[in-house]
**Q** 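Take this structure, written in structure tokens, and hold onto it; I'll ask about it next.
Proteins get letters first, then strands, A, B, ... in listed order; numbering begins at 1 in each. The basis for the numbers below is simple: all heavy atoms, side chains too, and nothing from hydrogens, waters or symmetry mates.
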2 protein chains.
Amino acid sequence: MSRAKTTQTPAPRATIRDVASAAKTGKTSVSRYLNGEQHLLSDALKERIERAIALLDYQPSQMARSLKSGETRLIGLIIADITNPYSVEVMRGVEAACRQQGLTLLVCNTNNEFNQEKHYLQLLSSYRVDGIVVNAVGMREDAISSLQQSQLPMVLIDRKVANFSCDVIGLNNAEATTEVTQHLLDQGFEAILFLSEPVTINTRLVRLHTFLKQMQKEPQKFAEQGEVELNDSAGLEKLLLNFTERYPDKRRAVISVNGALTLVIARTMRKIGIVWGKDMGLLGFDDLEWAELAGVGITTLKQPTYDMGYAALGQLVKRIQGSDEPIQEHAFSGELIVRGSTQPI
Amino acid sequence: MSRAKTTQTPAPRATIRDVASAAKTGKTSVSRYLNGEQHLLSDALKERIERAIALLDYQPSQMARSLKSGETRLIGLIIADITNPYSVEVMRGVEAACRQQGLTLLVCNTNNEFNQEKHYLQLLSSYRVDGIVVNAVGMREDAISSLQQSQLPMVLIDRKVANFSCDVIGLNNAEATTEVTQHLLDQGFEAILFLSEPVTINTRLVRLHTFLKQMQKEPQKFAEQGEVELNDSAGLEKLLLNFTERYPDKRRAVISVNGALTLVIARTMRKIGIVWGKDMGLLGFDDLEWAELAGVGITTLKQPTYDMGYAALGQLVKRIQGSDEPIQEHAFSGELIVRGSTQPI
DNA sequence: CTGTTAGCGCTTTCAG
DNA sequence: CTGAAAGCGCTAACAG
């Protein structure tokens, strides 16, 4: 009967030294074995090492390895809100690209909290990841300066950050918003309400501005704008009702600045009995997996999110490899997916 | 004009030694400063160190630190499919718990690929994370044995793995399935089709069995089952049509084994003109944010996913702290959310 | 082909 | 109060 297992400490992990001595050789040879320089080893030795590794269930410590080499082959991804399908698709794109490059992705969700963002930024940096892809909440002076200095390669997704010069991958917001607005106009809508979460983010600002500008081209039509917090459905309700009252005999439509908001708007409309595609037009940025299932369907502006993530990593790798080309701002085109919610009323 | 910046290497990061010499002291004192043993340092020295750190923008290397201490305060989360809202909520729960415990969460998405899962498992282990939460794709012998040995604390979410004894957090599938099935029966449905992705996973198996068992209690009703791949909408179409033909004059309903499948089913039904809540009942495991917006609404069985993630981390921490209590299998209760899709036909 | 040795950046005795 | 020195697990000269 084996009572080998005493209540000792749970057996510390085997180190390269343990393997070496078990294989009756030096650490160097083991290291060589591990690093593909096997052609330098005699078959006999290889055998012994192999056995020793298996026996001890040895796993090299990446910590030690990276400490030595200075390279980690790790990429950090900071995501503002993992709840958002947009972010998830970005992540999948980054991930696929990483895999292809033999990099490993570490994902950090900031939950839209600035402090978390700072925390993770520091963490990743202190673990010496090779680079970071950031879908930022926003950044303040302190975070910026420390990041700017730490020469950590970095690329931003979707959101530009003021005073922070850095590659950015995003949507061509001007183009997309123009298309979206024009579509509504073409469909015969006469009063359009642009709904947004607080316009704190560059992206939203550009969309709003472009919307306003585009609307000016048909001065007889009415442009409105409203700001709501995602959780303030009462406020949203009021906004919608008010909009309806102000343009009782016009053909009305709403533009939602992003997917999360579109969901809330749809819920609210349903609650107060506004039927999209009939009482009011509805169009949202970001495609939604359920867009076709909701009533007559919801028209959306789909972003090539996956590709954007993929491209972001590509750009990052360039920087990691020391590219000195000037700051890039790559803007992807969106795709308007027309569904029932913007049919002529 | 500053031409200070030559094309040299981009200035290696400052190390603790740099700080020490800049502060005209030894590494030890700097280390002490960093680790809150400041009461041991004279004010003058503290000052100098502080200045040096700021000047050099010094950030301690976690790599080196962990190498020394053997502890990382890192938790790994392996997620089978980040695309799944279920997983995202789990993640948020784990994350919240981590934050509260001062742990940092590293997320790895396996994209439902077994190889990725293996890769990440090794990676996390080689980075010496303190523990791992796993929403597994599945595991084979090799992965199991190496994991079993590496005493890495670990807890499984949602899915049990054969031959792998480990804490598991999940839904009370038997209870939930019973409730779900009974609900359909109570609403007067007479033929029920249980639709599932391939039943390779324990969870699905239990749900299916319980469904079948529960149906036996009303022998005059008809229980059917079908298996579909998520991307095989043609197959699904056939299944649905076939089901309809076989029970032309019965009240028919479908149960979907998870949220991802529910989406596909809803799309397919719409495509072939089956209206849920009218032509056929529909009920799915996992609540969906859009469930109320799709037609008359879709009845779902909501899991306390966030809580499950939170609890998983709690259990993991216990293990990390060396708890020897026997393997736990904590099963949460689900909540049936009734919507239009299961109204009596 | 193989092993010895010197660090990577940090913490921690152990002497001042 | 302060610092020199040893060593965490690993890799990479540099000798055999």
**Q** Could you give the CG-to-P distance, from Leu45(B) to dG3(D), as a whole number of Å?
**A**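 Taking CG of Leu45(B) and P of dG3(D), I get 6 Å after rounding.
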**Q** Give the dot-bracket line for DNA chain C from 5' end to 3' end: parentheses for intra-strand Watson-Crick or G-U pairs under 3.5 Å, square brackets for crossings, | for inter-strand pairing, dots for unpaired.
**A** ||||||||||||||||
**Q** Identify, between Arg128(B) and Gly26(B), the residue whose nearest nucleotide on DNA chain D lies closer to the 5' end.
**A**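 Mapping each residue to its closest nucleotide by heavy atoms, the 5'-most match is Gly26(B).
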**Q** Whole angstroms only, please: what is the CE-P distance between Met63(A) and dC10(C)?
**A**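 Rounding to the nearest Å, CE of Met63(A) and P of dC10(C) are 14 Å apart.
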**Q** Rounded to whole Å, how long is the line connecting atom CZ of Arg48(B) with atom C1' of dG3(D)?
**A**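 Taking atom C1' of dG3(D) as the reference, CZ of Arg48(B) is at 12 Å.
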**Q** With distance as the sole test, does Ser21(A) use its side chain to make a donor-acceptor pair with the main-chain N or O of Lys24(A) at under 3.5 Å?
**A**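 Side chain of Ser21(A) to backbone of Lys24(A), a donor-acceptor pair under 3.5 Å: no, none is there.
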**Q** For Arg32(A) and dC1(C), what is the distance between atoms CZ and C1' respectively, to the nearest whole Å?
**A**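 My rounded result for the distance is 8 Å.
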**Q** Tell me whether the side-chain N/O atoms of Ser31(A) come closer than 4.0 Å to OP1 or OP2 in dT11(D).
**A**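 The answer is yes; a side-chain N or O of Ser31(A) sits under 4.0 Å from OP1 or OP2.
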**Q** Got a sec, which residues hit side chain to side chain contact (heavy atoms under 4.5 Å, CB included) with Thr203(A), two or more places apart in sequence or on another chain?
**A**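 Testing Thr203(A) for side chain to side chain contact (heavy atoms under 4.5 Å, CB included), a comparison that skips the adjacent residues, returns Asp158(A), Arg159(A), Asn173(A), Ile201(A), Arg207(A).
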**Q** Return the polar atom pairs (N/O with N/O) between nucleotides 5-7 of chain D and the protein under 3.5 Å, or none.
**A**
from, atom 1, to, atom 2, distance (Å)
dG7(D), N2, Lys68(B), NZ, 3.3

**Q** For Leu41(A) and dG3(C), give me the distance from atom CG to atom P, rounded to whole Å.
**A**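 Between P of dG3(C) and CG of Leu41(A): 9 Å.
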**Q** State, with a plain yes or no, whether a side-chain heavy atom of Ile157(B) is found less than 4.5 Å away from one of Val133(B).
**A**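 Yes. Closest side-chain heavy atoms under 4.5 Å.
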**Q** For Asp167(B), what residues pass the side chain to side chain contact (heavy atoms under 4.5 Å, CB included) criterion, not counting sequence neighbours?
**A**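 Val155(B), Gln315(B), Arg319(B), Ile327(B), Gln328(B).
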**Q** Calculate the interatomic distance between Glu47(A) atom CD and dT2(C) atom P; express it in whole Å.
**A**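 Taking atom P of dT2(C) as the reference, CD of Glu47(A) is at 13 Å.
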**Q** Look at all strands and tell whether Ser42(B) reaches a base, only sugar-phosphate, or nothing, counting heavy atoms closer than 4.0 Å.
**A**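 Sugar-phosphate: the residue Ser42(B), judged by heavy atoms under 4.0 Å, touches backbone atoms but no base.
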**Q** Within a radius of less than 6.0 Å around NZ of Lys46(A), do more than 12 heavy atoms belonging to other residues, nucleotides or ligands occur?
**A**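 Enclosed: over 12 neighbouring heavy atoms sit under 6.0 Å from NZ of Lys46(A).
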**Q** Would you say Ser29(B) reaches dG3(D)'s phosphate, i.e. side-chain N/O to OP1/OP2 under 4.0 Å?
**A**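 It does, given that an N or O in the side chain of Ser29(B) lies less than 4.0 Å from OP1 or OP2 of dG3(D).
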**Q** Restricting to side chain to side chain contact (heavy atoms under 4.5 Å, CB included), what partner residues turn up for Tyr58(B), sequence neighbours left out?
**A**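 Tyr58(B) satisfies side chain to side chain contact (heavy atoms under 4.5 Å, CB included) with Ala14(B), Ile16(B), Val19(B), Leu34(B), Ile53(B), Pro60(B) once adjacent residues are dropped.
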**Q** Please classify the nucleic acid contact of Thr25(B) as base, sugar-phosphate, or nothing, using heavy-atom distances under 4.0 Å.
**A**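 Sugar-phosphate contact only.
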**Q** Measure the spacing between CG of Leu152(A) and CD1 of Ile320(A) and express it to the nearest 0.5 Å.
**A**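 Those atoms lie 8.5 Å apart.
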**Q** Which part of the nucleic acid does Tyr33(B) contact within heavy-atom distance under 4.0 Å: base, sugar-phosphate only, or nothing?
**A**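 Result for Tyr33(B) = nothing.
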**Q** To the nearest angstrom, how far is Arg65(A) atom CZ from dT11(D) atom P?
**A**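 It is 5 Å, rounded to the nearest whole Å.
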**Q** Among all residues two or more places apart in sequence or in another chain, which pass the side chain to side chain contact (heavy atoms under 4.5 Å, CB included) test with Val317(A)?
**A**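 In terms of side chain to side chain contact (heavy atoms under 4.5 Å, CB included), with neighbours along the sequence ignored, Val317(A) is linked to Gln101(A), Leu103(A), Leu313(A), Gln321(A).
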**Q** What is the distance, to the nearest angstrom, from the CG atom on Leu34(A) to the P atom on dG9(D)?
**A**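 The distance from CG of Leu34(A) to P of dG9(D) comes to 15 Å, rounded to the nearest Å.
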**Q** Can you find a side-chain donor-acceptor pair between Asp81(B) and Ser87(B) that sits under 3.5 Å?
**A**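 No - no donor-acceptor pair under 3.5 Å links their side chains.
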